[in-house]
Novice: 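Sharing a structure here in structure tokens format.
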Number of protein chains: 2
Amino acid sequence: MSLDFQLPPRERLLQAAVELLANSDGAAVSTRKITELAGVTAPTLYHHFGDKEGLFDAVVAVGFEQYFAREIGRANTEKPLDDVRRMWDQHVRFGIEQPHLYLVMFGNVRPGSRSNRVAEAEALLREKLDRAAEAGHLNVAPPDAVRSILAANIGVTLMLIAEPAAERNFELSDMTRDAVITAVSSDAGIADSATPVETSSVVVAAIALNAALESSNPQQLSSTEMKMFLEWLHRISKTS
Amino acid sequence: MSLDFQLPPRERLLQAAVELLANSDGAAVSTRKITELAGVTAPTLYHHFGDKEGLFDAVVAVGFEQYFAREIGRANTEKPLDDVRRMWDQHVRFGIEQPHLYLVMFGNVRPGSRSNRVAEAEALLREKLDRAAEAGHLNVAPPDAVRSILAANIGVTLMLIAEPAAERNFELSDMTRDAVITAVSSDAGIADSATPVETSSVVVAAIALNAALESSNPQQLSSTEMKMFLEWLHRISKTS
DNA sequence: CCCTTCATATAGCAATGCTATAGGTGATAC
DNA sequence: GTATCACCTATAGCATTGCTATATGAAGGG
């Protein structure tokens, strides 16, 4: 019921904490369970880490490095905003794959005191966005862009974690990601003059859809389906 | 050192919890402190609320109502997306003014289980976005829009709460708000340059029709026809 | 061999959420 | 009036939590 006794107690404590955090389904992980699994008594934990939070910080540092370290020394693309997109995706993936670690890092918000993990994540993003600003791709000051993107990134990840794994909709991530990145980007492909569709009733909407379908002939429906679909549309727009 | 003894114990407990949550600077609030301040012993708390979480839920329900209730019965603007903007701002304001209550509501993420407060907030937003979809102002399906907006909204609020009050940058909120709302909106036309305009207007019309059908429940189609019809609509409105 | 220093253990404290059990209090039935 | 019964509250205490005062062991330098 305990770990590799070849390792020094400090490492065993870290390993035990990781394992318990990964397996306890969101329930709190006690120092006693950790020390027990590590085959060690309480004072050793506090000797090495000072705190329970100190231990978790050490655990989190490992996980953080594990997912983001490669990003630190990485050669930069010529498109910094693509780097930002990749970091966003890595962030979300980390949250999904290690929800407990993620919640230790970003889930414990306390008023008026930023966690240093948030600061680290900010720094990583900041680097990319400074580069983007230099290249003239930014619409707003880098610090503002960083906060907006990171806030949305964390919000999306928390929401995905909270959702039952079965019904997780990952488009949420892509959509929100592109939304905030586009908003801070100056080379935004804002193809404007999309005429607002004035539809306030079923009938008007049906007519609009009918017209749109006939003109663009999309691939989502087979021809027979399309035929029936248009017939129903006709029926809807006739009556009422 | 205790509250109005005219009130029944249940109310005193609620009042004490509110007061302690508001004054303790992010530190945990214990049941003992609450019962002590309420001039009541432990079993009364558990008799009335079952749980510590039950008590907090009741407290939160009050705060929730306090800030969002007016929104529920409110007359709707002719511009639903403006309603969404107003709700976003109210959400952030609530988080800033009552950070402890807010954190009880939205700060305790646990893997795989959505809090019912999130569900309530979703429902409120959903209402507005359904209206927006009916009016043809939406670019994506309402449920997706709701999640994206709410996730960003919570993320921004959490980040603002975590920042030292002195250096809070509220432009973060406006910026991110407009980013996500614009992204789901068809009016502002962030059309991806890759997708042809005709297709996107089909999508908008399909979403609008879908929303209109679901809200008005017309008689022109049988229930089986309606089911298939909606399924096709869903397929069309998926921007592959 | 003694002394210092680091690392671990024994034992226990105060605070936490919660509960088994009993007492009290009011309304209703007779 | 009195008995009954449901509801509300109190006494006392349990198990678990994070953490620590103190002591013991081992390793190395003088």
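Numbered from 1 within each chain, the chains take letters A, B, ... in sequence-line order.
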Novice: Rounded off to whole Å, could you give me the CG-to-C1' distance for the B/L55 and C/dT16 pair?
Specialist: 15 Å
Novice: Rounded to whole angstrom units, what separation is found between the CZ atom of B/R32 and the C1' atom of D/dC14?
Specialist: 11 Å
Novice: Using OP1 and OP2 only, check whether a side-chain N or O of B/T31 sits under 4.0 Å from C/dG17.
Specialist: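 True: B/T31 side-chain N/O within range (under 4.0 Å) of C/dG17 OP1/OP2.
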Novice: Give the rounded distance in Å between these two atoms: CZ of A/F49 and P of D/dC19.
Specialist: 13 Å
Novice: Across the strands shown, which category fits B/A28 at heavy-atom distances under 4.0 angstrom: base, sugar-phosphate, nothing?
Specialist: nothing
Novice: Is it the case that atom CZ in A/R110 sees more than 12 heavy atoms from other parts of the structure closer than 6.0 Å?
Specialist: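 No - once you tally the heavy atoms of other residues, nucleotides and ligands closer than 6.0 Å, there are 12 at most.
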Novice: Under a 3.5 Å distance rule, please check whether B/T44 uses its side chain to pair with a backbone N or O of B/V40 as donor and acceptor.
Specialist: no
Novice: Relative to the 5' end of DNA chain D, which residue comes earlier, B/V40 or A/K33, by the nucleotide with the nearest heavy atom?
Specialist: B/V40
Novice: For C/dA9 and A/T41 - does any side-chain N or O of the residue sit under 4.0 Å from the phosphate oxygens OP1/OP2?
Specialist: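 Checking A/T41 against C/dA9: at least one side-chain N or O falls below 4.0 Å of OP1 or OP2.
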Novice: Between A/L13 (CG) and C/dA7 (P), how many Å, whole number?
Specialist: 13 Å
Novice: Should A/H48 be listed as having a side-chain N or O under 4.0 Å from OP1 or OP2 of C/dT8?
Specialist: yes
Novice: May I have the distance from B/H47 (atom NE2) to C/dT19 (atom P), rounded to whole angstrom?
Specialist: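 One finds 14 Å between P of C/dT19 and NE2 of B/H47, rounded.
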Novice: Taking the six-membered ring for Trp and the full ring for Phe, Tyr or His, determine whether the centres of A/F106 and A/H91 are under 6.0 Å apart.
Specialist: yes
Novice: How long is the line joining CZ of A/F56 and C1' of D/dG18, in whole Å?
Specialist: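 So the two atoms are 11 Å apart, to the nearest Å.
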Novice: Rounded to the Å, how far apart are A/R10 CZ and C/dA7 P?
Specialist: 10 Å
Novice: Does the side chain of B/T41 pick up a donor-acceptor pair with the side chain of B/T35 at under 3.5 Å?
Specialist: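 Side chains of B/T41 and B/T35: no pair found under 3.5 Å.
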Novice: Applying a 4.0 Å non-hydrogen cut-off, can you work out what B/S30 is touching in the nucleic acid: base, sugar-phosphate, or nothing?
Specialist: sugar-phosphate
